[in-house]
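Read through the structure below, which is laid out as structure tokens, and then see the notes.
Labels below follow one simple rule: chain letters A, B, ... track the order of the sequence lines, proteins then strands, and each chain is numbered from 1. Scope of the values below: all heavy atoms of this structure, side chains included, with no hydrogens, waters or symmetry mates.
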Number of protein chains: 2
Amino acid sequence: MSRTLRNPDIVSPEVREKVLKCVDSLGYVPDLAARSLASRNSSLITVLVPSMTSYLFAEVMHGIEARIEDSDFSLHYANSRMSQEAEARHLKLLAGQRPVGLIIANVAGEMDNRELMRRLGCPVVQVQDISLDVFDMAIGIDHAKAGATATRHLLDCGYRRIGVLGRFYGTRGERRHYGYRSELERAGCYDPALIEDASGGFTVQSGGEMLASLLNRVGPVDAVLCQSDELALGAVFESQRRGLRVPEEIGICGFNDLEFSRVSVPPLTTIRLPRFDIGYKAADMLLRAHQGRYDGPMTTEMEYELMPRGSTVKVADR
Amino acid sequence: MSRTLRNPDIVSPEVREKVLKCVDSLGYVPDLAARSLASRNSSLITVLVPSMTSYLFAEVMHGIEARIEDSDFSLHYANSRMSQEAEARHLKLLAGQRPVGLIIANVAGEMDNRELMRRLGCPVVQVQDISLDVFDMAIGIDHAKAGATATRHLLDCGYRRIGVLGRFYGTRGERRHYGYRSELERAGCYDPALIEDASGGFTVQSGGEMLASLLNRVGPVDAVLCQSDELALGAVFESQRRGLRVPEEIGICGFNDLEFSRVSVPPLTTIRLPRFDIGYKAADMLLRAHQGRYDGPMTTEMEYELMPRGSTVKVADR
DNA sequence: CTGTTAGCGCATTCAG
DNA sequence: CTGAATGCGCTAACAG
């Protein structure tokens, strides 16, 4: 009887032993489809992210796993590959699986996949984008504020002619850019010509190419704000190639505080996000909601932290 | 009737239209559990990897996705987190899901999870480790040969006192190290003191720390072989901190040819693996096997490529 | 505590 | 081509 397997304590020891022996010798494996059909629930928690390559999400995933691992839900990842269509496809597929919950880093764009998420009939936690129209639960940082903080740091250092490397559609980049822009305008330093839009993804290589393109286009700049640490590292390499001293001749500020940023030469000034915590808390919110302790739609804003390091320096020390 | 959904062509247009309209207005979603139970199959392909953080697997995943995406299987990832126990847990869970197939980058160690893989009753492709005891299908490179190639390159450059940074248990590292060692012994340069075992994972940071520890322990070396490009980049940074010129005073060779390796300063000499192709072909083998074109256990050896770049140089040019 | 039973929502039959 | 019946393997609810 299946009671033995699901709740071994409520059957007599003899029966339990006998059943377990049979199970073992016959190599029985419970059919999850049947179980899920009969019990009208699954143990599936899905995490849908736009990229598996990103160190960024990787740490969020670690956080999620840390929270989930001793519950007996099973965690599955799916990749929306930066495409809202793929995201929608996955959401539709998910709908048929009676998931326990969904943690999603939405792809930004024209489509509105909220209806699809709603139809899942399970708690949904959106991570990273607290500024998005949240329809259930969300957790992340305020990217506009973070962008402003990074910008103010460069201004405080005395850099004035400040370039920007990144991508500006899509919510996170957009919001961050909003922060950059308002801060630069306040200081009277905003110049749209100094914006270099990413063509090749947020890679080290494209960081170098973008800085090269910017400098070739507008001449020297005091500093560059980069939308990711990969871009910033690429900018450092490009500066080295051009014989520009970082941070004296060009200040470089990244975003995310990736693993290498602390130990590069020079180490990168950047904004640290509590990525692990975001994942952990997202999973926690999900589990709580699943246990019925759901308090309705809510947004949790996490703190970020400016990490001033060797790739920027105050003008007094230059 | 469900015929309409699964095989729209064999029903009359009128019925089809009516059903589709209802489906749309009621927001009907087929129950995958019931479908899978009734039809005794699923559309699930699982990819089980030891790490989601790694750029290495990320590109393998891209290859897999490229092959799978226009079939209508659904792709799920699971993370064994470098743990054979977690791997076993996932395999057990999988067994109950009637998967179409499994692509797995095994965790090396004491346990033997082959029996669990066999019980899945679906084709299994092991990636990366062709030297493992393969029980079904496998695809990857010969890591021992690749390790030997990297070593020979350093010897050809004229480096003699060659350190090694990496981790040496676990199949890939072990096999690679076998290659290093045999090649160094052949040249009469093998010295176990020059081996620095990774404590902190294959990160940029630990690469720097390991080189520092090695140099502090044994004094100057001519070159270091690194088990990954992250370690190699860390070694480059550490060399810069110590004022050691790369490649003149110390040669550095990585492994994997990650994105940044081409554009770092100096660019990294490394071994390129056909990661995308490995993923693509693995998925292809799986689909073929699933379609019945299964030719029994087989191992596919892929080619790797030495990428000589700025972090190593021939002695004549030094 | 234990044996038995009735569906879960579909695909797959079999008649019509 | 279409409607109706059967059962996939399990859980939940029910009696014993």
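B:Arg98 comes within contact range of the sugar-phosphate backbone alone, with a heavy-atom separation under 4.0 Å but no base atom that close.
Rounded to whole angstrom, the span from the CD atom of A:Gln97 across to the P atom of C:dG9 amounts to 16 Å. For the pair A:Leu32 CG and D:dG9 P, the computed distance is 14 Å after rounding to whole Å. Atom CZ in A:Arg16 sits about 12 Å away from atom C1' in C:dC1, given to the nearest Å. Atom OH of B:Tyr28 and atom P of C:dC10 are 3 Å apart (whole Å). Rounded to whole Å, the distance from CZ on A:Arg40 to C1' on C:dG9 is 9 Å.
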Run the side-chain donor-acceptor check on residues 58-68 of chain A: report pairs under 3.5 Å with partners two or more places apart or on a different chain.
residue, atom, partner, partner atom, Å
A:Glu59, OE2, A:Arg275, NH2, 2.8
A:Glu65, OE1, B:Asn79, ND2, 3.4
A:Glu65, OE1, B:Arg81, NE, 3.1
A:Glu65, OE2, A:Tyr77, OH, 2.4
A:Glu65, OE2, B:Asn79, ND2, 3.1
A:Arg67, NE, A:Asp284, OD1, 2.7
A:Arg67, NH2, A:Asp284, OD1, 3.2

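The phosphate of C:dT2 has OP1 or OP2 within less than 4.0 Å of a side-chain N or O from A:Ser12.
In this structure, A:His290 contributes its side chain and A:Leu286 its backbone to no donor-acceptor pair below 3.5 Å. Using a distance-only test at 3.5 Å, with no hydrogens or angles considered, no donor-acceptor pair links the side chain of B:Arg35 to the main chain of B:Pro30.
Of all nucleotides listed (C:dC8, C:dC10, D:dC8), C:dC10 comes nearest to the side chain of B:Asp31. Closest approach to the A:Ser39 side chain among D:dC8, D:dA12, D:dC10 is made by D:dA12 (side chain taken as heavy atoms from C-beta onward). Minimum atom distance to the side chain of B:Arg35 is reached by C:dC10, of the listed D:dT11, C:dG9, C:dC10.
Side-chain N/O atoms of A:Glu14 and A:Ser12 include no donor and acceptor closer than 3.5 Å.
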